[in-house]
Every structure is written in structure tokens, then in C-alpha cells.
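Computation of the quantities below employed the complete heavy-atom set of this structure, encompassing side-chain atoms and omitting hydrogens, waters and symmetry-equivalent molecules.
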Amino acid sequence: MAPTGRAAAYAGTRTPRVEDARLLTGTGTYVDDVVRPGMLHVCFVRSPMARARILRIDASEARELPGVQAVFVAADLNPCVHEQWYTLNGRDDPDTPRPPLAEGEVRFVGDPVAMIVADDRYLAEDAAELVVVDYDPLAPVVDYTTALDSPESVHAEHPDNLVGQLGGRPMADLDPVFASAPHVVAQTLYQQSHGPVPMETRGIVAEWAPAGREMSIWASTQSPHEVRSFCARLLGIAEHRVRVVMRDTGGGFGQKVLPQREDMCVMLAARKLPAALKWIEDRQEHLLAAGQARHEHGEARIALDEDGRILAATLDHVQDAGAYPTPSPVQSGIAVGMLFPGPYRIPEGTFSSRFVYSNTSGRVAYRGPWQYESMARETLLDTAARQLGLDPVELRRRNMLTRDELPTANFNGMPYDHISPRETFEQALQMLDYEAFRKEQEQARQQGRYLGVGTCTYVEPTAGATPFHATEGATIRVEPSGKVNIYVAGGSCGNSLETTVVQLTADALGVAIEDVSTVQGDTAITPYGAGTGGSRSGPMTAGAIEETAGVLRERIRAIAAHRLQVPLEDVEFERGQAAAKGADGSLSLAEIADIAYYQVHALPPGVPAGLEASGRYHTPHLMIWANATHVCTCEVDVVTGEVKLLRYIVSEDCGPMINPSVVEGQIHGGTVQGIGGALYEELAYDTDGNPVSTTFMDYLLPTATEVPVIEVGHVETPSPGPGGYKGVGEGGAIGSAPAVVNAVADALAPLGVRIERLPLTPASIVGLIDRQRQRQRQEQGARS
């Protein structure tokens with residue numbers, strides 16, 4: 001980031017990604033590329049039942065198989081746990097019991113029961129087939145919507161299956177408002193279970209050095225320093241004895257922020273064996289046990305006056321936590337209710353959220369984990385508009401916040417500022433030519449074709465000041481050659497943190513971008529940081545770089561002024577060259593570095609030797625807000641149920657863009673994930689708790705043939721944070737699913753269809769149409 005008063009040379013430009021050279025040539029280093037001397041391989045024996053008592057485990061035949069080095073069960077690993085908690089939640093936060101291996105009872109299909117260690121993965125899988133486990137089946141709690149009333153308990157410690165609950169003011173407080181309102185609209189929408197499904201599955205290599213009591217870990221993670229802290233607590237050793245290395249990671253999307261139970265097993269077992277252990281999850285394991293997200297529903301209500309202005313809104317929200325949520329969903333789940341008002345002028349409102357255990361894989365974070373607030377609100381607004389006889393766009397215009405109303409706070413007390421919801425909304429509609437589309441839609445309906453348009457406008461919290469996320473560090477070292485290395489915690493998982501950090505550093509220091517490199521993801525040499533998550537990387541690393549580069553830049557100018565014998569204020573330093581105003585002569589950064597390292601006697605008084613500095617940024621802001629509007633148009637075939645997306649538009653305000661190509665790439669990726677969630681993806685279970693989508697034949701993902709070109713517009717409202725930057729990592733996945741759902745609902749509106757469950761598969765759409773037509777026939781019959 002360029003200091004105030006200096007123009008940025010690189011930030012704001014479409015600088016080519018520095019990581020592409022290795023990634024596009026297949027020379028990246030993922031966890032599965034790590035090879036250690038004598039390395040052994042891990043496979044897990046997993047439960048075939050959703051809930052059962054473990055009566056006996058016979059691993060004798062597996063242990064005798066040549067090439068098998070060890071078989072661990074709960075009694076071998078679980079007692080070795082020292083402490084187990086996540087920095088994100090804190091030591092004293094109540095959390096789910098989370099044994100590394102299932103002990104006494106299995107709680108979902110895929111629950112790890114035993115761990116095989118063998119010379120290679122093939123042998124380990126063969127040995128897993130030889131482990132005999134006797135189970136006593138128990139009735140599972142599969143449907144989270146009835147779990148609170150179930151006589152069965154997922155965890156004995158929680159007999160009512162309630163993980164926890166949060167809420168605002170009592171719902172009854174608003175009864176008078178709803179009772180007197182001219183219009184009240186209510187809607188319940190069920191969102192299905194689906195997951196992040198990164199290209200690279202979970203993976204870890206752990207190597208224990210007994211002599212030094214040191215652990216080295218290579219992990220597919222978004223937060224290497226959190227893995228380090230967690231491992232140190234788990235094993236009961238000092239943090240400085242754990243080194244975590246994270247190189248390339250093929251996607252994380254929130255799922256890889258925190259270690260899960262299999263990671264614990266590998267860490268614990270590595271201390272018991274004389275070789276490194278590697279576990280790479282296969283795709284079936286991933287879909288079975290890596291976790292789920294988005295599985296929730298809520299009753300959203302809205303009260304409006306005669307003119308369609310909102311008087312009050314409420315959300316009664318219930319979320320499936322699965323058996324082993326990571327972390328506990330209660331702390332992060334509050335965001336659903338807190339953000340439910342969105343960018344709208346709603347005088348009064350409240351929410352209630354409950355989080356419920358079920359015998360399915362545990363809930364994990366997924367790109368905008370609070371996304372249901374937008375799903376509930378934006379689909380309710382469309383339903384309300386149809387009920388009032390208004391265009392959904394007009395209803396939003398009457399209620400959406402404008403810049404001249406800022407700063408303000410929503411009815412939960414969340415303070416809003418530096419956002420532009422109305423501006424992104426109007427830009428997106430203009431890009432579509434909304435009026436022209438409505439005319440096209442009318443003509444299509446006359447021809448028997450069903451076109452629809454849907455929107456979603458949201459505000460997104462980024463770079464929040466929660467304790468774990470509130471600071472970020474950076475170290476910048478100018479080498480004696482004049483080349484620059486920037487060290488940050490990292491956690492880059494396709495979000496191009498490498499490129500943006502290089503751009504920011506080149507500007508902040510005043511050097512050529514080709515002279516800057518970055519080192520990330522190695523806890524032994526990088527400053528402590530929370531990693532990538534919560535859309536924090538851009539603003540937080542920008543702050544850390546500004547804090548650090550400012551110190552180093554002044555040191556460079558001081559050395560140059562002393563050598564050139566001019567006042568400090570006369571020295572300019574740009575693109576790696578120091579020169580004095582109106583004077584002859586200049587110094588390159590290499591020459592200044594030579595003085596700093598090798599001519600320390602020639603340094604000016606008070607300037608330390610060397611050119612290296614570390615700094616840490618602490619955000620003073622509770623939240624930095626980004627916002628966007630998504631607009632989707634589609635055509636629905638009412639015979640086959642097929643949804644064809646026609647156009648997809650996003651107007652985004654993430655403040656000034658560090659790299660527009662990276663920003664747009666993040667928007668594209670998140671948008672496609674939301675489209676998948678609306679139309680295709682589902683981690684489905686049968687009534688016995690058996691997963692029925694454990695391959696990509698069953699778990700459908702959108703491909704390039706289903707997704708139209710995503711058109712992106714930008715509105716720029718600088719944040720109060722460093723450089724005016726805002727986070728952009730999660731927004732695409734927040735706004736896209738509601739926009740798609742609204743587009744489909746709009747297309748089917750002439751038929752009277754009302755959407756209550758996702759995903760909108762062809763079969764579900766045909767079913768909705770058939771049921772609506774049957775209701776209409778019954779009503780006609782009753783009238784006649």
C-alpha cells in the first residue's frame with residue numbers, strides 16, 4: 001500500500017498472479033507431494049452405521065498383514081489428548097465432545113473407529129477391510145428438524161440434542177406491530193446440506209523427532225498457525241516445538257481453517273511411530289466425513305405498511321450441527337440473526353437461533369457461514385412483493401438504505417457505514433436493463449415460456465475485530481542484494497494472497513514489483529497470524545504491510561540522506577532509487593542495503609544495522625463492511641424441470657481493488673458455488689442416516705456448461721481501514737443462491753408455485769408444479 005500522498009504503482013492493476021507459473025505447469029507443492037524418509041500411510045476404518053454402540057473391535061488379522069505397522073483404536077489415542085480447543089473459540093468456550101476416534105459409540109456413517117498405519121495406502125486400505133467391529137445398532141437422530149423432540153440423544157451430555165441457542169429481544173415484544181400491520185408475510189424455507197468440496201481434499205503429514213521432542217507438520221490448511229497452536233495443546237508441548245508448513249492448498253472455503261478429528265489422530269499417532277505419517281483423504285471419505293454446511297431452515301416474517309414499507313421483521317432459525325461440528329456453531333451462528341436485517345431500513349425486529357445435533361457428519365464453516373440470513377430475507381422480500389402486487393425491485397427501492405442515511409445501525413445494533421447497497425443495486429439492474437428484461441419476459445410468457453429474474457442485495461462483514469482475527473503481522477527484509485522478501489502468515493488457498501501481498505509491498509516500500517517475493521505458510525519463519533478466513537486477508541495484510549514498510553522506508557531514506565548529505569525531507573525513494581530534490585546523484589536500494597549490512601560505520605546516528613523490520617496491525621474497527629447485489633435471469637422448462645441460467649450479474653463494492661483480476665476471480669468462484677447450492681448439490685441421507693451422495697455421480701456440481709458468463713460491475717466506497725480495502729472472499733457465495741432461487745420463483749410465479757425447499761433439482765421443480773396444479777384442480781372442484 002502506498003503511504004498517503006503517494007500514488008500506488010501496482011495496487012489497483014491487473015498484475016499477473018505470481019503463483020501461476022508453478023500452478024499452471026504442474027509444479028506446485030501440495031500435501032500429497034510431500035515425501036519423507038520411511039514415510040508411512042494412514043487409512044481409517046469408518047462406521048457403516050449412523051448410531052451404534054461399539055461392542056468389540058478385532059484388529060488382529062489386520063495387524064498380521066505384511067506391511068501393516070500399527071492399528072490404533074480409541075483406547076490407544078484418546079487418552080493421549082492433553083488439551084483440545086480452538087483459538088477461535090477460546091479455552092473456556094463450551095464445545096462439543098470431540099474424541100479423535102469413536103469411543104463407546106459411533107455417531108454418523110463415516111465416524112472414524114480405527115486407524116491403520118501401513119507401508120502404503122493400498123496396504124492400509126486392505127488392512128481396514130480386515131478389522132472386525134461388532135456394533136449394537138441404536139436409533140439414529142437423522143432429521144435435525146425433529147431432533148429437539150426426539151427421545152434419542154446424539155451425545156449423552158446433551159440429552160435434548162440442543163447444542164445451544166441465541167436470540168435477540170423476545171418475539172412477543174413485536175406481536176403488537178404484526179397484529180396492527182396492514183400486511184404480514186411469512187415464509188419458511190429449508191436449505192439442504194451441502195459442503196465446500198474443495199478440489200484438494202483434506203491431508204496432513206506429521207513427523208515426530210523424539211530427540212528434540214519436535215513435531216513437523218505439512219498440512220492442507222487455511223491457518224497454519226492455528227494448526228500449530230492446536231497441535232501444541234493437543235500434545236502438551238510448547239508451541240515453538242511445532243512447525244507447520246503449508247505450501248499450495250487446492251481450496252479451503254472455510255472447511256480447512258481448523259484441524260478435525262482425523263488430523264488429531266495423525267498428530268497423536270506420529271509420536272508413537274518412528275516415521276512420518278501421511279493421510280490423504282479420498283473423495284468418498286471427503287463427502288462422507290469432512291463435514292457439511294448450509295443445512296438449516298427458518299420462519300421469516302415481515303410486517304409492512306400500506307405503501308410496502310417495512311415495519312418489522314423476525315427470523316426463527318434452526319441449524320443442523322451434525323454430530324461433531326467444527327468448531328461449535330453457537331459462536332459463529334449468531335451472525336445469521338445479527339445480519340438478517342441486511343441493507344434495509346427495518347425499524348424493529350428480532351431473531352432466535354437454535355443449533356441442533358444429528359447423527360450426520362459435523363457442520364463446518366463454508367464461505368459466508370451466515371449465508372442463510374440473505375436466503376431467508378431476500379426470498380421473503382420477493383414473496384412479499386408478489387403478495388402486495390409490487391415488483392420485487394420496487395419493494396426493495398422503498399426500503400433499501402442509501403448513503404445519506406449512514407452511519408446507522410440495524411435493529412440488532414450492528415453499526416453500518418462505508419457501504420453502498422442502493423448503488424450496487426441500481427448498477428446491477430442497469431447492467432441487465434431490467435425494464436427490457438421484463439418486456440422480454442412478458443413476451444415469452446405469451447409463447448408459453450417461463451423466464452424469471454431474481455436479485456439479492458447483502459452486506460458482508462469482513463476483517464472483524466474478534467480476538468483471533470484482530471491482528472496480523474508482517475516482516476519485510478531487504479536482502480543485501482536489494483531484493484525484498486515479505487513474510488506473512490499466509491493461508492492462500494486460491495485467493496492469490498501471494499500476488500496481492502507482493503503488490504502491496506512494492507507500493508508501500510517504493511520498489512519495483514519484480515524485486516519483491518513473498519514467503520508464506522511456514523510457522524517457523526512467518527509472523528503469527530489467523531490465516532485466511534472471514535474475508536480478512538486483504539485489509540489485514542494491507543495493514544500489517546503498511547505498519548512494517550513505513551518503518552523500513554524511513555530507515556532507507558535516512559541512510560540515503562546521510563550518504564547524499566542532504567536533509568531527510570529532500571529525499572525521495574521510488575522504484576528502488578533514492579534521490580534528492582534538486583541535487584545530483586542517487587542511490588539504488590542495493591547500494592543502500594550494502595551500507596546497512598556491510599558499512600555499518602557509515603550509518604547515520606540512531607539507525608540500526610540491516611534492513612529488516614516487523615510490524616503488527618491491530619484493527620480498531622468492529623467490522624469492515626463490503627456489499628454487493630447479484631442479479632440472475634433464467635428460463636425454466638415446466639415439463640422437464642430444467643433451469644437454464646441466462647445472465648448472471650454482480651455489482652460489488654469491496655472498496656479499492658488491490659488486483660481487479662483477483663477480485664473478479666473470487667466473485668466468480670463464490671458465485672458458482674452458490675449456483676451449485678441452489679440447483680445441484682446435496683449431501684443427502686436416507687431415513688436410517690445412510691449417506692446417498694458419496695461420489696460425484698450422486699453429488700452434482702455445476703460445470704462450465706451450466707454457468708453463464710458472470711458479468712461484474714464495481715462500485716467503490718473506501719473502508720475506514722488500511723488503503724480503504726475491504727474483504728471479498730465470501731460475498732459471491734452469499735448472494736448467488738438467493739438470487740437464483742428468486743429467479744426460479746419469479747419464472748414459476750404465473751403457476752402459483754411457492755418454493756419451500758432446496759435444491760431446485762428438475763425433479764423437485766416438476767413436483768412443485770404438479771402439486772400446485774393438483775391443488776388448483778381440487779379448488780376448482782370444490783367451487784363447482
Distance, nearest 0.5 Å, that separates CG of D95 from CD of Q331: 9.5 Å

Donor-acceptor under 3.5 Å (N89 side chain, Y86 main chain): no

Under 3.5 Å: donor-acceptor pair, side chain of D263, backbone of Q260: yes

Sole residue of E281, E200, E226 in salt bridge (charged side-chain N to carboxylate O under 4.0 Å, His left out) with K256: E200

Test of ring centre spacing under 6.0 Å for Y324 and H155: yes

From M115 atom CE to R261 atom CZ, the distance as rounded to the nearest 0.5 Å: 13.0 Å

S353 side chain vs L166 backbone, donor-acceptor pair below 3.5 Å: no

E152 atom CD, neighbour heavy-atom count above 12 within 6.0 Å: yes

Donor-acceptor contact below 3.5 Å, side chain R241 vs main chain G212: yes

Side chains of D119 and Q69, donor plus acceptor under 3.5 Å: yes

Carboxylate-amine/guanidinium contact R367 E730, below 4.0 Å: no

Modelled atom types, side-chain donor and acceptor of T29 and D248, under 3.5 Å: no

Y190 and T145 side chains, donor-acceptor separation under 3.5 Å: no

Heavy atoms from other residues, nucleotides or ligands near CZ of R283 exceed 12 (cutoff 6.0 Å): yes

SB check E296 R354 (cutoff 4.0 Å): no

Modelled atom types, side-chain donor and acceptor of Q192 and R757, under 3.5 Å: no

R247 to W218, cation-pi by 6.0 Å centre distance and 45° axis angle: no

Check: L40 main-chain N/O paired with K278 side-chain donor or acceptor under 3.5 Å: no

Residue list, salt bridge (Lys or Arg N to Asp or Glu O under 4.0 Å) with E681, at least two apart or on another chain: none

Whether T695 side chain and M697 backbone form a donor-acceptor pair below 3.5 Å: yes

Under 3.5 Å: donor-acceptor pair, side chain of T694, backbone of L288: no

Centroid-centroid under 6.0 Å between W279 and F44 rings: yes

Donor + acceptor pair across side chains of S193, E682 (<3.5 Å): no

Between OG on residue S220 and CD on residue Q222, distance to nearest 0.5 Å: 8.5 Å

Minimum-distance pair of heavy atoms, taken over all atoms of A737 and Q371: CB-NE2, 3.6 Å

Over 12 foreign heavy atoms within 6.0 Å of CD, E83: yes

Whether N78 side chain and A75 backbone form a donor-acceptor pair below 3.5 Å: no

F696 CZ: over 12 foreign heavy atoms closer than 6.0 Å: yes

Residue pair T25 / T27, side-chain donor-acceptor N/O under 3.5 Å: yes

Note, M264 side chain near P259 side chain (heavy atom, < 4.5 Å): no

Where Q319 and F355 come nearest, the two heavy atoms and their spacing: OE1-CD2, 3.3 Å

Gap between atom NE2 of H286 and atom CD1 of I280 - 0.5 Å precision: 13.0 Å

Main-chain N/O of V356 paired with N161 side-chain donor or acceptor, under 3.5 Å: no

Check against salt bridge (charged side-chain N to carboxylate O under 4.0 Å, His left out), D58 and R56: CA-CA 6 Å; D58 183 358; R56 183 178 69 98; 3.6 Å; yes

Salt-bridge contact R243-D522 (side-chain N to carboxylate O under 4.0 Å): yes

Pair T532-S537, side-chain donor/acceptor within less than 3.5 Å: yes

Note: R121-D282 ion pair, threshold 4.0 Å (strictly below): yes

N-O pairing of E105 and R51 below 4.0 Å: yes

Side chain to side chain donor-acceptor pair (under 3.5 Å) evaluation trace for E285 with T201: CA-CA 9 Å; E285 281 185 290; T201 56; over 6 Å; no

R233 and W85: CA distance, side-chain angles, deciding distance, side-chain contact (heavy atoms from CB on, under 4.5 Å) verdict: CA-CA 8 Å; R233 293 192 289 263; W85 51 275; 3.2 Å; yes

Distance-only donor-acceptor check, side chains T146 and D149, under 3.5 Å: no

Aromatic ring proximity, centroids under 6.0 angstrom, H295 and Y685: no

With sequence neighbours excluded, residues passing side chain to side chain contact (heavy atoms under 4.5 Å, CB included) with A62: V71, A127, L130, V131

Centroid-centroid distance, H317 to Y372, less than 6.0 Å: yes

S216 side chain to E207 side chain, donor-acceptor N/O pair below 3.5 angstrom: no

L701 CG to H194 NE2 distance, which is reported to the nearest 0.5 Å: 10.5 Å

Under 3.5 Å donor-acceptor, D686 side chain and N690 backbone: yes

